[in-house]
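Accompanying notes for the structure given below.
For clarity, every value in this text was computed on a predicted model and none was experimentally measured. Side chains included, hydrogens not; waters and symmetry mates left out as well; all remaining heavy atoms used. Both counts, for ligands and for their atoms, begin at 1 and track the order of listing.
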Amino acid sequence: MAGKQALNIVKMKKMKQEGIPLSMLTAYDYPSAKIAEEAGIDIILVGDSLGNVVLGYDSTIPVTLDDMVYHSRTVARGAEHTFIVADMPFMTYHSSISESLQGIRRLMQEGHAHAVKLEGGAGIADVVKATVQAGVPVLGHIGLTPQSVNQIGGYRIQGKDEADARRLMADAKALEQAGAFGIVLELVTEEVATAISKELSIPTIGIGAGRGCDGQVLVYHDLIQYASPYFSKRFVKTYADVGGMIRSSIEQYVSDVKGRAFPAAEHVFSADDRVVESLESLYGQAKGQAQEQAKEKVESQS
Ligand SMILES: Nc1nc(=O)c2c([nH]1)NC[C@@H]1CN(c3ccc(C(=O)N[C@@H](CCC(=O)O)C(=O)O)cc3)CN21
Ligand SMILES: CC(C)C(=O)C(=O)O
Ligand SMILES: [Mg+2]
């Protein structure tokens, strides 16, 4: 797999220096990955947001490492030439370095990811360091970290006051120091996200973090309004109503079946006349035999 990708972490850093924005999009399965690659996306994120948009949970907390491995490998089959980052899910990188590395190994070897993303700042710098030491590129993720939603107390904008701004900058620097190749800034005020982007030599990738980031990321189902509860959020731009298209297509299908408009002549297969005749006589015989047998059965019982 390695080497087939159009982009790598060395080129990403160069793109930041040259002022070329990075486009990242989530994908969770073969068709979404295939279309994202065909459309020219720079980086695919197999996000644990799959818990929300494909598994129907109300947060990312129930998502397991098995879920991530499974979806990551389907994405890898659909996008063989795209750099793939996979999220490590809730509480799989906090017990010990060795357990964290075992999970990361699975995302790389079984999930065919090229890098992993971990939520957290200075507090997870040691795991980031050990992962990078093992040869695995790490994407950081600070600001709103959905795996900590119960601690944060909701999906809130980060970096509004000075203390928060300082904390975010310190976390970003700690991650860069630990060897992260980039950092996702989620739901961070534009001023703070811009300052962090200027301060770091590694690219920042924003979601709801404004115009000063070195790249942008969105959730696939939000972008195309595909049954996502988040598509109308302020930080999302929707480009199509794919959910609406799917719904009206299925409504039309239901109505066609009920009204016998489908299948029509062009959808059916016909045998030639001679075969039809012989089938009819065959069915006629078979029908006659069956009636004969049924009659005999009734007679023998009486
Ligand atoms: N489909 C989807 N899209 C996402 O962007 C996403 C997920 N799922 N799941 C994981 C996290 C959760 N995310 C969220 C969830 C809620 C808000 C939200 O309610 N935002 C408010 C602003 C809140 C405030 O003002 O503090 C909004 O109106 O945009 C934002 C990001 C982003 N991530
Ligand atoms: C929103 C992005 C950054 C993410 O972590 C996800 O999709 O899981
Ligand atoms: Mg995530």
Taking atom types as modelled, is there a side-chain donor on Tyr28 or Thr74 under 3.5 Å from an acceptor on the other? no
Which donor-acceptor pairs under 3.5 Å do side chains of residues 193-218 form with protein atoms, sequence neighbours excluded?
{"from": "Thr194", "atom 1": "OG1", "to": "Glu190", "atom 2": "O", "distance (Å)": "2.7"}
{"from": "Ser197", "atom 1": "OG", "to": "Ala193", "atom 2": "O", "distance (Å)": "2.7"}
{"from": "Ser197", "atom 1": "OG", "to": "Thr204", "atom 2": "OG1", "distance (Å)": "2.7"}
{"from": "Ser197", "atom 1": "OG", "to": "Gly212", "atom 2": "O", "distance (Å)": "3.3"}
{"from": "Glu199", "atom 1": "OE2", "to": "Lys173", "atom 2": "NZ", "distance (Å)": "3.2"}
{"from": "Ser201", "atom 1": "OG", "to": "Glu176", "atom 2": "OE2", "distance (Å)": "2.7"}
{"from": "Thr204", "atom 1": "OG1", "to": "Asp214", "atom 2": "N", "distance (Å)": "3.1"}
{"from": "Thr204", "atom 1": "OG1", "to": "Asp214", "atom 2": "OD2", "distance (Å)": "3.3"}
{"from": "Arg211", "atom 1": "NE", "to": "Glu190", "atom 2": "OE2", "distance (Å)": "2.6"}
{"from": "Arg211", "atom 1": "NH2", "to": "Glu190", "atom 2": "OE1", "distance (Å)": "2.8"}
{"from": "Arg211", "atom 1": "NH2", "to": "Glu190", "atom 2": "OE2", "distance (Å)": "3.4"}
{"from": "Asp214", "atom 1": "OD2", "to": "Lys16", "atom 2": "NZ", "distance (Å)": "2.7"}
{"from": "Asp214", "atom 1": "OD2", "to": "Thr204", "atom 2": "N", "distance (Å)": "2.9"}
{"from": "Gln216", "atom 1": "NE2", "to": "Gly210", "atom 2": "O", "distance (Å)": "3.0"}

Whether over 12 other heavy atoms sit under 6.0 Å from Tyr155 OH: yes
List the atom pairs, donor and acceptor, that lie under 3.5 Å between side-chain atoms in residues 119-131 and the rest of the protein, sequence neighbours left out.
{"from": "Glu119", "atom 1": "OE1", "to": "Gln147", "atom 2": "N", "distance (Å)": "2.9"}
{"from": "Thr131", "atom 1": "OG1", "to": "Val127", "atom 2": "O", "distance (Å)": "2.6"}

Compute the minimum heavy-atom distance from Arg156 to ligand 1 and say whether it is under 4.0 Å. yes
Tell me whether Ile207 reaches ligand 1 (any heavy atom closer than 4.0 angstrom to a ligand atom). yes
Spell out, yes or no, whether Val188 and Ile157 are grouped together once hydrophobic residues are joined by side-chain heavy atoms under 4.5 Å, including indirect joins. yes
Atom 30 (C) of ligand 1: of Phe235, Tyr230, Tyr57, the nearest heavy atom sits on Phe235
Considering only non-hydrogen protein atoms, determine which one is nearest to atom 12 (C) of ligand 1 and report residue, atom name and distance to 0.1 Å. Tyr155 CE2, 3.7 Å
Give the ring-plane orientation class for His221 versus Tyr226, where under 30° counts as parallel, over 60° as perpendicular and anything between as tilted. parallel
Spell out, as yes or no, whether a donor-acceptor pair under 3.5 Å connects the side chain of Thr145 to the backbone of Ile142. no
Using the rule that two of Ile, Leu, Val, Met, Phe, Trp, Tyr join whenever any of their side-chain heavy atoms come within less than 4.5 Å, decide whether Ile41 and Tyr30 are in one cluster. no
With atoms numbered from 1 as shown, which atoms in ligand 1 lie under 4.0 angstrom from a non-hydrogen atom of Arg234? 29 (O)
Does Phe235 CZ have over 12 foreign heavy atoms under 6.0 Å away? yes
Check the side chains of His141 and Glu186 for a donor-acceptor pair under 3.5 angstrom, ignoring hydrogens and angles. yes
For atom 33 (N) of ligand 1, what is the closest protein heavy atom, and at what distance to 0.1 Å? Glu186 OE2, 3.5 Å
One residue to check: Leu218. Relative to ligand 1, which of side chain, backbone, both or neither has a non-hydrogen atom less than 4.0 Å away? neither
Atoms of ligand 1 close to Val53 [distance to a heavy atom under 4.0 angstrom, numbered from 1]: 1 (N)
Test your reading of the model: is there a side-chain donor-acceptor pair from Ser278 to the backbone of Val275, 3.5 Å cut-off? yes
Closest non-hydrogen atoms of Arg106 and Asp66, given as atom of the first, atom of the second and distance, are NH1-OD1, 2.9 Å
Name each N or O atom in ligand 2 that is under 3.5 Å from a protein N or O, and give the partner atom and the distance.
{"from": "ligand 2", "atom 1": "5 (O)", "to": "Asp87", "atom 2": "OD2", "distance (Å)": "3.3"}
{"from": "ligand 2", "atom 1": "5 (O)", "to": "Lys117", "atom 2": "NZ", "distance (Å)": "2.7"}
{"from": "ligand 2", "atom 1": "7 (O)", "to": "Ser49", "atom 2": "OG", "distance (Å)": "2.6"}
{"from": "ligand 2", "atom 1": "8 (O)", "to": "Asp48", "atom 2": "N", "distance (Å)": "3.1"}
{"from": "ligand 2", "atom 1": "8 (O)", "to": "Asp48", "atom 2": "OD1", "distance (Å)": "2.8"}
{"from": "ligand 2", "atom 1": "8 (O)", "to": "Ser49", "atom 2": "N", "distance (Å)": "3.0"}
{"from": "ligand 2", "atom 1": "8 (O)", "to": "Ser49", "atom 2": "OG", "distance (Å)": "3.3"}
{"from": "ligand 2", "atom 1": "8 (O)", "to": "Asp87", "atom 2": "OD2", "distance (Å)": "3.0"}

So do Thr238 and Asp222 actually touch side chain to side chain, heavy atoms under 4.5 Å? no
Looking only at protein heavy atoms, what sits closest to atom 3 (N) of ligand 1 is Asp222 OD2, 2.7 Å
Between Ile157, Val63, Val219, Leu223, flag the one that comes closest to atom 26 (O) of ligand 1 by a heavy atom. Ile157
Do me a favour and list the nearest non-hydrogen protein atom to atom 27 (C) of ligand 1 with residue, atom name and distance? Lys233 CD, 3.5 Å
Among all protein heavy atoms, pick the one closest to atom 9 (N) of ligand 1 and tell me residue, atom and distance. Asn52 OD1, 3.1 Å
Salt bridge present between Glu38 and Lys34 (N-O < 4.0 angstrom): yes
For Glu162, does the CD atom have more than 12 heavy-atom neighbours from other residues, nucleotides or ligands under 6.0 Å away? no
The protein N, O or S atoms lying under 2.8 Å from the Mg ion (ligand 3) are Asp48 OD1, Asp87 OD2
Atoms of ligand 1 less than 4.0 Å from Ser228 heavy atoms? 1 (N)
Indicate whether any N or O donor in one side chain lies under 3.5 Å from an N or O acceptor in the other, for Asp29 and Ser32. yes
